[in-house]
Amino acid sequence: MALSRRELLRTVPLAAVAAGMRPQFASAGDGMIVRMLEPRNLETPFSDLGGITANEKFFVRSHFAVPAVDPKTFTLTVEGHVEKKLELSLDDLKKMESVTREITLECAGNSRVFLVPQARGLQWGNGGVGNAKWTGVSLGAILERAKVKAGAVDVVLIGADKGAITSDPPSPGAINFDRGIPLAKAKADETLLAWEMNKEPLPLSHGAPLRAVIGGWYGMASVKWLTKIVVTDKPHGNFWQTLDYSIWERTPEGLPRLVPITAIEPKAIITSPCLNDVVESGKPVTISGLAWAGEQSVKKVEISADGGKSWAVAKVPAVAPFTWSKWSLDYLPAKGPLSLVARCTDAKGRTQADKRDPDRRSYMINHLVPVELTAK
Ligand SMILES: Nc1nc2c(c(=O)[nH]1)N[C@H]1C(S)=C(S)[C@@H](COP(=O)(O)O)O[C@H]1N2
Ligand SMILES: [Mo]
């Protein structure tokens, strides 16, 4: 596969690391925030969040090294609880009806740096999120071809990347990255298998030649380097949705049980002004940012300048499910400290909580976090 210049820049320093040379941080991230050098995990800088995220500015979250998947010999295998096992080449997929959808992906650990006390995992700020136009085929169309048998429960998407997790609790040896999606979500319109990102070939770091995009769900469901799909007749209780990427849910009787993470929670972030900025008092300042709510559309964004005591409603020009919207509010600051807070409510009436819910472990981070600045 031909590597773009950018992919080369990402690959060359790895060879340098292997040769015992100093890693070249300057070219490691292309203006991205390096959260981990190997495997490469990159955060989008604040100033690049909004609209359509350029491919080279889209956050990267990878658990293992990028696997070598040759697009020429690539096959997507579909098997398990189906009438007809499929082996599809990229050409086979491209001959099917293609769809393009704008979808925001957020890592379930995005904003983790705001957890007190600090939680383990990558210390993302707010830039573990991005919005792109994905082109591919609907997973539902593929499942129709394979003729899913009655009693199917999960559609397991398996990536070609592999490794052993050695931290406690460890994985059972080397495992692939995978995720089981309930059949209904697998068949939903917003679930695609994509080979294009923003009208360009899908970059290697984002899963080329083929990745899943599970609209409205946290990023871990959007399996990259997808080569195999297994339909199961039981929930897929794998490493990645039990020991990892799971949260505590309470039964109506209050019994805590672990469940896999699914849909993105409502969230608003302030992108301007920034922490510790100094603005002029008595002069209007535009407070702006982004809001998204997973499978729901954003209904309302409210802004507080006094740490959450009083709220004003922001303007949100476009509100569609699955994608973020930009919002803004003109505000006249009085002299003194400002504690800006943004709060999103979705079409289902869900609002961001003031306080962190510990049942969410170190994921799904959308409690209110003030941005402190001063008006002089
Ligand atoms: N095969 C594979 N797919 C994967 C991952 C991975 O490590 N391997 N990481 C997941 C996680 S946790 C996230 S948040 C998204 C990130 O997608 P991106 O790197 O294109 O932003 O990919 C998901 N798909
Ligand atoms: Mo993630």
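Just follow the structure's listing: the first ligand is 1, and inside any ligand the first atom is 1. Values below: every heavy atom of this structure, side chains too, minus hydrogens, waters and symmetry copies. One-based numbering along the sequence shown.
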For S62, the atoms of ligand 1 under 4.0 Å from one of its heavy atoms are 7 (O)
C107: numbered ligand 1 atoms lying under 4.0 Å from its heavy atoms: 14 (S)
Need the ligand 1 atom indices (1-based, order shown) with element for anything under 4.0 Å from a heavy-atom of D161. 1 (N), 2 (C), 6 (C), 7 (O), 8 (N)
Does the distance from a Lys or Arg side-chain N to an Asp or Glu carboxylate O, for D154 and K234, drop under 4.0 Å? no
Y245 heavy atoms, cut-off 4.0 Å: which ligand 1 atoms fall inside? 12 (S)
K224 N/O under 3.5 Å from ligand 1 N/O: yes
Verdict with reasoning, Y363 to Y245, per ring-ring contact (aromatic ring centres under 6.0 Å, His included): CA-CA 7 Å; Y363 310 107; Y245 296 109; 5.3 Å; yes
Starting from atom 17 (O) of ligand 1, find the nearest protein heavy-atom neighbour and note its residue, name and distance. R211 NH2, 3.2 Å
Residue S222 vicinity, atoms of ligand 1 by number, heavy atom under 4.0 Å: 22 (O), 23 (C), 24 (N)
For atom 20 (O) of ligand 1, which candidate among R179, H206, R61 holds the nearest heavy atom? H206
Heavy atoms only: which of F177, W240, F59, Y218 lies closest to atom 21 (O) of ligand 1? F59
Only heavy atoms of F58, strictly under 4.0 Å: list the atoms of ligand 1 that pass. 21 (O)
Under 4.0 Å between a Lys/Arg side-chain N and an Asp/Glu carboxylate O for R101 and E190? no
Where is the nearest protein heavy atom to atom 23 (C) of ligand 1: which residue, which atom, and how far? G219 O, 3.3 Å
Between K187 and E144 (salt bridge meaning N to carboxylate O under 4.0 Å), is one present in this structure? no
Which class fits the ring pair H63 and W240: parallel under 30°, tilted 30 to 60°, perpendicular over 60°? perpendicular
Contacting atoms of ligand 1, where contact means under 4.0 angstrom from a heavy atom of V60: 19 (O)
So, do W134 and F58 have ring centers that fall under 6.0 Å from each other? yes
Can you tell whether the side chains of E265 and R360 come within less than 4.0 Å, N to carboxylate O? yes
Lys NZ or Arg CZ of R257 over W248 ring: under 6.0 Å, within 45°: no
In one Ile/Leu/Val/Met/Phe/Trp/Tyr side-chain cluster, 4.5 Å: L329, I270: yes
Here the atoms of ligand 1 under 4.0 Å from any heavy atom belonging to W225 are 1 (N), 2 (C), 8 (N)
